[in-house]
Amino acid sequence: MSLRLNKLGILCILLTITLILTACNSSQPRFIIGVSQCSSDIWRNKLIDELRTANYSRDDVQLCFVSANDDDQRQIAQIDSLISIGVDLLIVSPNQVSTISPAIDRAYQKGIKVILFDRKTDSPNYTAFMGADNYAVGHAIGEYIANRLGGHGRVLEIMGLRGSSPAIERHKGFADAMKAYPSIDIVATLQGDWTEESAYNVVKQNINNLLGTGQTSFKDSPIDFVFGQNDRMAMGARKALSEHATRWKDKRHFPLFCGIDGLPGEEGGLQLVRDSLLDATYIYPTHGDRLLQLALDILDGKPYEKEVRLMSALITRNNANLLLMQNEEVERQTSYIDDLHKKSDTYLQQLSNQRMITLLSAGIILLLALAAFLIWRDRQTRIRINKERENMSRQQIDFYTQAAHQLRTPLTLITGPLKQLGQTAALQQNTGEAHTMYDIVSRNVEQLSEQVNKILNVSAPATLDKDEDRSLIESIITPTSSEKQDNDTPLSILVVDDNADIRTYLRTILAPRYTISEAPDGKQGLELAQRDVPDLIVSDVMMPVMNGLEFCQQVKENIATSHIPVILLTARALSQHQIEGYRSGADAYITKPFDAQLLLVRIENLLRSRRALRNLWTTFTNIPGQDEKQQLQSTDSSLDANGLDKTLVTEAPFITNFKKIVGERMSDSELSIEDIGSDIGLSRVQLYRKVKALTGHSPVELIRTARLEKARQMLQSTDMTISEVAYSVGFSAPSYFTKCFRDEFGISPSELGS
């Protein structure tokens, strides 16, 4: 009965948590609106921004944007794709009048609401249309140009994409307006595709027909005004005609230009008019907020107009500045709204989290109450057990106790051999996988022992004795390990990689030969390198915080770590990646997957070259006529001038500077490592570790060696006394000088002088 109640309680807990999490993650959009744009340009980007901003207040509406980039077949495929994902409403700006109609018809026939925006098709299957009156816009531009020219002149028209409804309607309105002015000659109507490049090209192609084939300079312009059906095409025509501007004697007769769109922002129509690049433009409104509201009214079943015409206006230099100022204010307010929206999203998320915590807390309280009730009922049930059941329970307890006692036999057979195995020298010296597996088994056997002891009610002193034995063993083992470490310190390698498994694998490969330290990114790796000054670094390239290239460059630029060889171990295998690696200062570049033996051999070669550098310090004083590079070659004939390791050459200035400081201040008996480090730019610890890594000797030992070598030269080449020589090379006591001299050269200074 008790077991059944416990299962019931667990089931209730899982069911409650599942219901809470399901309720918290069940938010789905109520409506999906697909937006199919015929192209991508600043006008349509402005529309998208307005739609997104207007949608801030509707969390239940999801917008899906696609753009066909003036490709009919692509727009058809995109519309079919939106139909397949089950959009509730489709907003379409058709590329052309007739080609997109079948796809729109398919959406309409499936019950999807369709709004045609900006452009129309030849199909009646749509729910609503919103856009400016392109015929009226074209007519208004025609009237403006006629008035600007005083009813006389020559006008060039550049149309938009062939077959698109705005191009057709704007042309018709413009042509009808021109009929009232017979003295205005339409010199040509050229075909563009709404882009600046198309207008530039079509004007260039027809330049001879427009301006004539000769080189005659025009007193009057063969073209007085250029009408581009949008601002971009007007600017394309201007650029093309500007290349022939020298043919106008009077620059005042160079054509005027106007377009349509009147967009704000850099290179928008408003700025072009303000800067007199366009004479005028006509605002072609986007009104994404009204478009979204129309869509929501349709989806919410509210009344709406089937034909919605957007108002537009003519822009000249008289009002361009004012409109630009207004737009800047609108953009500022829009940015402010965007910030508020982001903050509100954050607050709503916090509110949702708090609601979840509240629900979980309430659920936990209910579950605790249920658990208390179940415990109480279980206790009451056990109290009511009769004497016959008590006898059965006693038998069950006896059986359980005996079974638990039987566990001690196999457990003893496990713990005994395991302790013996742990005391073997082979396992104690093994720091690899076998030792790791031994630790895992030891911990779990110890846990099993504790559980069995609790079952059997083992007394506390037994556990205490076990802990005391372990402490005693550790006190014996630890000094032995430390002594071995001091007597035979392996070379150190720093592994820098953000992948823990890679670091573990490298540690498995390298740990038998080297002391390993690890860092998960370049920043922490740089800190460890500057602090510990390892003998070699193996680093990944692609890491967070600081990548391997930057890490390697900083290692090589820091005087405290510049001598450390760096191997870049990475999956970036292209030659250009390897070039980047070597330019950052890497000594080797190994690509993944890599051969472990190859890595070990490359490490050994680099460390061998560093050992060759130590030969440069064996004769600490300068050899006349030789620099550090020549000295190194003289001590290691296997290195030629061209094959000398770049790091060895890099460290030559440090060696020279160190020797120079020691040579100049050799007579100063108070010369300290801190003084030398201050002159070089390193702390005492950094200087010690760098010199120790390069030479195998401490700076103090090198200074003493230099002083003694100088003293020997002075004793052989001068008549100075031993005391004078001792003081001149920085020894404060001649007796101590004599002792150090005998330790270094095996004879006393007096024996050398004689």
Side-chain angles (χ1 to χ4, degrees), residues 137-160 170-171 173-192 194-196 198-204 206-207 209-212 217-263 267-284 312-324:
V137 172
H139 196 279
I141 287 291
E143 290 289 345
Y144 173 77
I145 292 175
N147 291 330
R148 194 79 167 84
L149 296 178
H152 299 274
R154 304 175 185 85
V155 179
L156 169 63
E157 179 188 14
I158 303 177
M159 295 182 62
R170 290 175 187 179
H171 170 72
F174 176 73
D176 288 348
M178 290 294 100
K179 291 178 181 178
Y181 301 93
S183 296
I184 294 180
D185 180 24
I186 306 299
V187 297
T189 297
L190 304 180
Q191 188 69 55
W194 302 117
T195 64
E196 180 178 316
S198 68
Y200 175 84
N201 290 335
V202 75
V203 172
K204 288 286 290 184
N206 292 274
I207 197 68
N209 294 331
L210 296 173
L211 303 182
S217 296
F218 304 115
K219 179 179 179 182
D220 297 322
S221 176
I223 300 174
D224 298 298
F225 219 115
V226 177
F227 166 44
Q229 286 195 350
N230 67 8
D231 295 333
R232 295 187 301 280
M233 292 195 298
M235 286 302 298
R238 180 183 178 90
K239 290 180 180 179
L241 291 176
S242 295
E243 295 176 359
H244 298 270
T246 56
R247 299 180 66 180
W248 276 268
K249 290 182 177 180
D250 190 344
K251 301 304 180 184
R252 291 175 298 177
H253 290 92
F254 191 70
L256 299 176
F257 300 82
C258 73
I260 297 173
D261 279 348
L263 290 173
E267 297 186 359
L270 293 179
Q271 183 175 348
L272 295 174
V273 172
R274 183 199 64 185
D275 298 340
S276 299
L277 296 175
L278 294 181
D279 185 66
T281 185
Y282 210 88
I283 290 182
Y284 193 70
S312 54
L314 183 70
I315 304 300
T316 65
R317 290 196 66 188
N318 295 331
N319 57 0
N321 269 328
L322 177 61
L323 290 175
L324 281 171

Quick check for you: to the nearest 0.5 Å, what is the distance between Ile184 atom CD1 and Ile145 atom CD1?
8.0 Å
OG1 on Thr316 to CG on Leu278, rounded to 0.5 Å
12.0 Å
Minimal heavy-atom distance between Cys258 and Ala234, with the atoms involved, is O-CB, 3.5 Å
Holding to side chain to side chain contact (heavy atoms under 4.5 Å, CB included), I want the full list of residues that pass it with His152, two or more places apart in sequence or in another chain.
Ser183
Does any N or O in the side chain of Asn147 come within less than 3.5 Å of the main-chain N or O of Tyr144, such that one atom is a donor and the other an acceptor?
no
Distance-minimising heavy-atom pair for Pro255 and Leu241:
CG-CD1, 4.2 Å
Do His244 and Lys204 have side-chain heavy atoms sitting under 4.5 Å apart?
yes
Nearest 0.5 Å, please: how far is CZ in Phe254 from CD1 in Ile223?
9.0 Å
Side-chain contact test, heavy atoms from C-beta onward, threshold under 4.5 Å: evaluate it for Met235 versus Phe257 and give yes or no.
no
Once you round to the nearest 0.5 Å, how far does CE of Met159 lie from OG of Ser198?
12.0 Å
Return the CD1 to CG distance between Ile283 and Asn319, rounded to the nearest 0.5 Å.
7.5 Å
So which pairs with a foot in residues 137-150 pass salt bridge (Lys or Arg N to Asp or Glu O under 4.0 Å), sequence neighbours left out?
Arg148-Asp279
Looking at Pro222 and Leu211, what are the two nearest heavy atoms and their distance?
CG-CD2, 3.4 Å
What closest approach, in Å, do Ile186 and Met178 show between heavy atoms, and which atom pair accounts for it?
CD1-CG, 3.8 Å
When rounded to the nearest 0.5 angstrom, what is the spacing between CG in Asn206 and CD1 in Ile158?
9.5 Å
Does the cation-pi check pass for Arg170 over Tyr284, that is, NZ or CZ under 6.0 Å from the six-membered ring centre and within 45° of its axis?
yes
In short, Tyr181 meets Gly151 closest at the heavy-atom pair CD2-CA, 4.2 Å
Holding to ring pair (Phe, Tyr, Trp, His ring centres under 6.0 Å), I want the full list of residues that pass it with Phe225, two or more places apart in sequence or in another chain.
none
Close side-chain approach of Asp231 to Leu263, heavy-atom, < 4.5 Å:
no
Quick note, salt bridge (Lys or Arg N to Asp or Glu O under 4.0 Å) partners involving residues 173-184, not counting sequence neighbours, are Lys172-Asp176, Asp176-Lys179
Does either side chain, that of Gln229 or that of His171, offer a donor lying less than 3.5 Å from an acceptor on the other one?
no
Look at the side chain of Thr281 and the backbone N and O of Gly262, then say whether any donor-acceptor pair between them is shorter than 3.5 Å.
yes
Minimum heavy-atom separation for Gly142 to Ala177, with atom names?
CA-CB, 4.0 Å
Which donor-acceptor pairs under 3.5 Å do side chains of residues 269-277 form with protein atoms, sequence neighbours excluded?
unit_1	atom_1	unit_2	atom_2	d
Gln271	OE1	Glu267	N	3.4
Ser276	OG	Arg317	NE	3.4
Ser276	OG	Arg317	NH1	3.0

Is there a donor-acceptor pair closer than 3.5 Å between any side-chain N or O of Asp261 and the backbone N or O of Asn230?
no
Please name all residues satisfying ring pair (Phe, Tyr, Trp, His ring centres under 6.0 Å) with Phe174, sequence neighbours left out, ordered by chain then number.
Phe227
